[in-house]
Amino acid sequence: MIPELLDKSFFLREDVVNQARELLGCVLFTTVDGEFTSGIITETEAYAGINDRASHAYGGRRTARTETMFCAGGLAYVYLCYGMYHLFNVVTGPEGMPNAVLIRAISPLNGTETMMRRRKRNILKGLTDGPGKLTIALGISHLYNKVPLDGSMIGITRHYCPAAEAITTTPRIGIDYAGEDALLPYRFLLQL
DNA sequence: CAGTGGATCGTCT
DNA sequence: GACGATCCACTGG
């Protein structure tokens, strides 16, 4: 059966934590300069809008950068982290509700040669197991910010539904500044 | 292995 | 002017 592209009905939902969990096992793909690359999503984090101290949109902060998060779900939110890495998020929720899911890791599927070239690595191990690594491998840059996840440049397809036992839940990474919200169980890992 | 520090720049104060 | 939703090389055990 042909993989089914996730559509508006998924992205517009308001339960971002469940959406983060459900993205595990889906396939994220890009086509850049005719080169198709993809991987199975194995790690995600939910960022829950204006009430989440870890979110860029905490307190309803609406700036040129966070504007993307306030858009209706179904597009990419890409921003520069630590001055050198582009991080990729899936915007979810209806317009005005700035929820997003950070994709933190994928397992290489298609276009591994291309991904290794972009990463300047010649082994699969460690190729896409970090939020900054996978964007390099998939060719995702700032140009992907606000781009629809409709499969033309970038898209997400259902691949398989993981067993509950294959999923681990933990607090999020690198958000110590978020106070009590740093303890929320909003990070999901999939054991393939 | 664990721990450490450098790279690097857009964004917001 | 300070600070990241990070990665990697390098150190020492």
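Between A:Tyr160 and A:Leu192, the closest side-chain pair of non-hydrogen atoms falls below 4.5 Å. At least one side-chain heavy atom of A:Phe88 sits less than 4.5 Å from a side-chain heavy atom of A:Ile154.
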Which atom pairs link the protein and nucleotides 1-4 of chain C when you take only N or O atoms and keep those under 3.5 Å?
| from | atom 1 | to | atom 2 | distance (Å) |
| --- | --- | --- | --- | --- |
| C:dG4 | N2 | A:Gly83 | N | 3.4 |

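Between the side chains of A:Thr30 and A:Thr37, at least one donor N or O sits under 3.5 Å from an acceptor N or O. Inspection of the A:Thr92 and A:Asn99 side chains reveals no N or O donor paired with an N or O acceptor under 3.5 Å. Side-chain atoms of A:Thr170 and A:Arg187 include a donor-acceptor pair closer than 3.5 Å.
Heavy atoms of A:Arg172 sit nowhere under 4.0 angstrom from any nucleic acid atom. Heavy atoms of A:Arg53 sit nowhere under 4.0 angstrom from any nucleic acid atom.
Taking atom CD1 of residue A:Ile136 and atom C1' of nucleotide C:dC7, one finds them 8 Å apart after rounding to whole Å. Put simply, CG on A:Asn89 is 11 Å from P on C:dT6, counting in whole angstrom units. For A:Met84 and C:dA9, the CE to P distance is 12 Å, given to the nearest whole Å. What separates CD1 of A:Ile173 from P of C:dC7 is a distance of 11 Å, to the nearest Å. Regarding A:Glu45, its CD atom lies at a distance of 12 Å from the C1' atom of C:dT6, rounded to whole Å. Residue A:Phe88 contributes atom CZ, which lies 14 Å from atom C1' of C:dA5 at whole-angstrom precision. Per the geometry, CG belonging to A:Leu134 stands 12 Å off P belonging to C:dC8, to the nearest Å.
Within the 4.0 Å cut-off from OP1 or OP2 of C:dC7, not a single side-chain nitrogen or oxygen of A:Arg119 is found. Put simply, A:Arg187 has no side-chain N or O that comes within less than 4.0 Å of OP1 or OP2 on C:dA5.
With respect to A:Arg117 and A:Glu35, a salt bridge is recorded, a charged nitrogen being found less than 4.0 Å from a carboxylate O. Ion pairing between A:Arg158 and A:Glu4 holds under the 4.0 Å rule for side-chain N and carboxylate O.
Position along DNA chain C of the nearest nucleotide to A:Arg121 versus A:Ala54 favours A:Ala54 as the more 5'-ward residue.
With a 6.0 Å radius and a threshold of 12 heavy atoms from other residues, nucleotides or ligands, A:Glu67 has its CD atom above the threshold.
Partners of A:Arg13 under the salt bridge (charged side-chain N to carboxylate O under 4.0 Å, His left out) rule, at least two apart in sequence or in another chain, are A:Asp15, A:Glu22. Residues meeting the salt bridge (charged side-chain N to carboxylate O under 4.0 Å, His left out) test with A:Arg21, sequence neighbours left out: none. Judged as a ring-ring contact (aromatic ring centres under 6.0 Å, His included), and not counting sequence neighbours, the contacts of A:Phe29 are A:Phe36.
Taking a pair as Watson-Crick or G-U wobble with both distances under 3.5 Å, DNA chain B forms stems of 3 or more consecutive pairs at B:1-7 with C:6-12, B:9-12 with C:1-4.
If you check residues 123-133 of chain A against DNA chain C, the residues with a heavy atom closer than 4.0 Å are A:Gly130, A:Pro131, A:Gly132, A:Lys133, listed by number.
For A:His56 and A:Tyr79, the gap between ring centers is short of 6.0 Å.
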